[in-house]
Amino acid sequence: MKTLSELTDFYYNNLFPVLEELEKQRKAIKQKFIFITIVLISSFFTIFLLFFSQNIHTMEFLLTTISITIAILTYIYKKLSSNFVEDFKNNIIGPLIKNIGPNLNYLKNKHVKQNLFERSKIFTSNIDKYEGNDYVYGQVDGVKIELSDICAQKKYQDDNNRKSWETIFEGIFIIAAFNKEFKSNTVILPDHAQNVFGSVVGNWLQANNVSRDSLTKLDDPEFEKEFVVYSQDQIEARYILTHSFMRRILEFQKKSKQKIHISFIKNHIHIAISYNKDLFEPSIFRSLLEYKISMEYVQTLHLCLGVVEELKLNHKLWSKR
Amino acid sequence: MSTSTIILIVTGIVLILIYNSLIHAKNQVDNVFAGVDTILKKRYNLIPNLIASISKYMEHEKLLLNELTKLRSEATKAHLSSDEKVSLDAKFSSTLSSLMVNMEAYPELKADKNIMHLQHTLNEIEEQISAARRAYNQAVTDYNNALEMIPTNILASFLKYRKKELFQIHESERKNVNVKELFNS
């Protein structure tokens, strides 16, 4: 797989002319959107002043007007930027992925299937809304991999029938074939309990977590500080989580700078990286030529597809060759 | 309900909880050891075949091969305690490790497909054994802690529970026997 610097070189050497074209498109859309926004807000404000300002329900009218304006502007923003986003994904993200690995494919409107997300057993809440995009699938160094942006939500309804949504997970979800065979389920989660309640109470809470399998205490203090592990099989969990593999997971987490959840189920590794935002979506308000923005796309893709190399999933055991 | 009755009930509940936690720790050790035993047996079963295959190439290593055969037959005897098995495994692993190192001096072994197959299988079993040892050591550490810590130590000494032996994991063992490296060197 290409290194990060090789990928950055490709981005600037090969994709820069396309980026410049897209940047022109972005500026035009931005101007159009600002013009529409000014016209819309002025019109609503005029209507409000003329017809509703003397009304006894002034505040209600004002709030309704603002809500309607925001809804209309959001719709217009999506409509105006949809072609730009499509072009960006087709001409920038797609080629970037192909450059990382020729055996990778990209489908911008697809995502990892819900049953695979649920199979991972990383999140135990019931999912009421599941959506995603930017689906990448194929092979990296001979290892099957698939990933996409995912947003999974749970619905709540109060006594007055008012709905609210809680986000269970938003970020990148990766599934890859694992290089060892195993029969049981093992889940690695960020260690909140011990960080909040201290090691004694936290450990007791984790050991008595009824929604999870048996607590698995591992012999790497740094790993134990960062993560909590639950497994159906104490031996198999350690067969997967060797000392060197625990180190690699810690390194991967440091690189990602995000919260990560991992599970090992049905001979596959599942990784959920919480970014709490939809990735690979260009904004019309930020320049595409900005270094920070560009590097975010390149680094995120390299990190996610580099998981095979980072965790050495391509180092196959003899029995799996 | 009188105060003395309440104290009695609370004491009873606390005793039950302490007793249950001790039983849980003891059973956990037994459960994990059953897993360790299964994997150790897998390795012991592989040894006769390995010795038969390599003995024709390694005639000068007869002593080592005999030692391995002797340890294997001791380790596979019935009615061994877990502590005895732990101690035999340490001797067996050390002898096997010496054999692996000595195998480097016999390049013709690389050409034998059957030996290569056995070596790879052994390598994978070694990884499983390493995991099993770590799981067992964690269970024994929890159990031994319960035997030393207040208040579980009082009930443990009353029940005549004894501390259990840990598997010795040397630094070299943290890195499993890597046959691939041996053969490529």
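Every chain is numbered from 1, with letters handed out A, B, ... down the list of sequences.
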Below 4.5 Å from any heavy atom of chain A, which atoms of B/Asn31 appear? Answer side chain, backbone, both or neither. neither
More than 12 non-hydrogen atoms from neighbouring residues, nucleotides or ligands closer than 6.0 Å to CG on A/Asn126, yes or no? no
Pick one of side chain, backbone, both or neither for B/Ile39, based on which atoms fall under 4.5 Å of a heavy atom in chain A. side chain
Do B/Glu67 and B/Lys91 sit within salt-bridge range, that is, some charged N less than 4.0 Å from a carboxylate O? no
Under 4.5 Å from a heavy atom of chain B, the part of A/Leu241 involved: backbone
Would you mind checking if A/Arg238 and A/Asp219 are paired as a salt bridge, meaning a charged N to carboxylate O distance below 4.0 Å? no
Hey, what do you get for CG (A/Asn105) to CD (A/Gln139), rounding to the nearest 0.5 Å? 10.5 Å
